[in-house]
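Here is the structure we will look at, set down as structure tokens.
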Amino acid sequence: MKAFFLKYVDVSTAWKAALFLGAVVYAINFSHGAIAAIPAALKQAVYTFLASGFIVRLCENLITQVKPMFVAWPLAVLVPSAVAVGLTYIMHSLKGTPEPFYSTLPTLLITPPAFAVWAWRSLKQVAE
């Protein structure tokens, strides 16, 4: 089970992203009070830890396995970005997040460039 999890989830990236985005969502929702901001931040952190590690692996697999490369690049950036943004918005639209759109905005802004860099990094590692 551990080997399966580690194959499909990048834990190192997941915990860092969870900590960062949890803090950002807390700050976004703090104007509604700490009691409202804490659940939103915790939802974001837990979701990010579980989903981001998987989505990063999705990006890696798309860039390294899809051919030709002019198809792989857009897929490796757009598919993981759409999954991340869609799941984040759904999660924050559920009861408990005062600002679901603004809580999703950091994911929308960060994921496309982050996945472009991650795809490039993955290609470099395969080439080495």
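Here, residue 1 is the first one in the sequence, and each next residue gets the next number. Treat the numbers as computed from the prediction; the structure is a model and nothing was measured.
Between P106 and I28, the closest side-chain pair of non-hydrogen atoms falls below 4.5 Å. Side-chain contact between T97 and Q44: absent, with no pair of heavy atoms (C-beta onward) separated by less than 4.5 Å. Using a 4.5 Å cut-off on side-chain heavy atoms (C-beta onward), W120 and W73 make contact. For the pair L21/I110, a side-chain contact is recorded, criterion being any heavy-atom separation below 4.5 Å from C-beta on. With a 4.5 Å cut-off on side-chain heavy atoms, P80 and V56 do not count as touching. Between N29 and Y102, the closest side-chain pair of non-hydrogen atoms is not below 4.5 Å. You'll find the side chain of T107 stays beyond 4.5 Å of the side chain of Y89, heavy atoms only. With a 4.5 Å cut-off on side-chain heavy atoms, V83 and F54 do not count as touching.
At a threshold of 4.5 Å between side-chain heavy atoms, the hydrophobic network of Ile, Leu, Val, Met, Phe, Trp and Tyr places V66 and V126 in two separate groups. The hydrophobic cluster containing L123 does not contain V117, counting ILVMFWY residues as joined when their side-chain heavy atoms lie under 4.5 angstrom apart, directly or transitively. Under a hydrophobic clustering in which Ile, Leu, Val, Met, Phe, Trp and Tyr are joined whenever their side-chain heavy atoms come within less than 4.5 Å, directly or via other members, L108 and F20 fall into the same cluster.
A 6.0 Å sphere centred on CG of L94 holds more than 12 heavy atoms belonging to other residues, nucleotides or ligands. Within a 6.0 Å sphere centred on NZ of K124, heavy atoms belonging to other residues, nucleotides or ligands number 12 at most.
Between the CD atom in E60 and the CZ atom in F115 there is a gap of 10.0 Å [rounded to 0.5 Å]. Rounding to the nearest 0.5 angstrom, the gap separating the OG atom in S81 from the CG atom in L109 is 11.0 Å. In this structure, the separation between NZ on K16 and OG on S52 is 11.5 Å, given to the nearest 0.5 Å. Rounding to the nearest 0.5 Å places CD1 of I90 at 9.5 Å from OG1 of T104. Interatomic distance, CE of M91 versus OG of S103, reported as 8.0 Å (0.5 Å rounding). Rounding to the nearest 0.5 angstrom, the gap separating the CD1 atom in I63 from the CG atom in L58 is 11.5 Å.
Looking at every heavy atom in both residues, P98 comes nearest to A36 through CG-CB, 3.7 Å. Closest of all the heavy-atom pairs between A40 and H92 is O-CE1, 3.7 Å.
When L78, V79, V77 are each tested for a side chain to side chain contact (heavy atoms under 4.5 Å, CB included) with L62, only one passes: V79.
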Determine, stepwise, if the pair T13 / W118 fulfils side-chain contact (heavy atoms from CB on, under 4.5 Å). CA-CA 11 Å; T13 302; W118 203 267; 3.1 Å; yes

Determine whether T48 and W15 satisfy the following criterion, side-chain contact (heavy atoms from CB on, under 4.5 Å), listing intermediate values before the conclusion. CA-CA 8 Å; T48 299; W15 77 263; over 6 Å; no

May I have the step-by-step check of side-chain contact (heavy atoms from CB on, under 4.5 Å) for V25 and E99, ending in yes or no? CA-CA 9 Å; V25 168; E99 300 288 348; over 6 Å; no

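Under the ring pair (Phe, Tyr, Trp, His ring centres under 6.0 Å) criterion, Y26 pairs with F30, not counting sequence neighbours.
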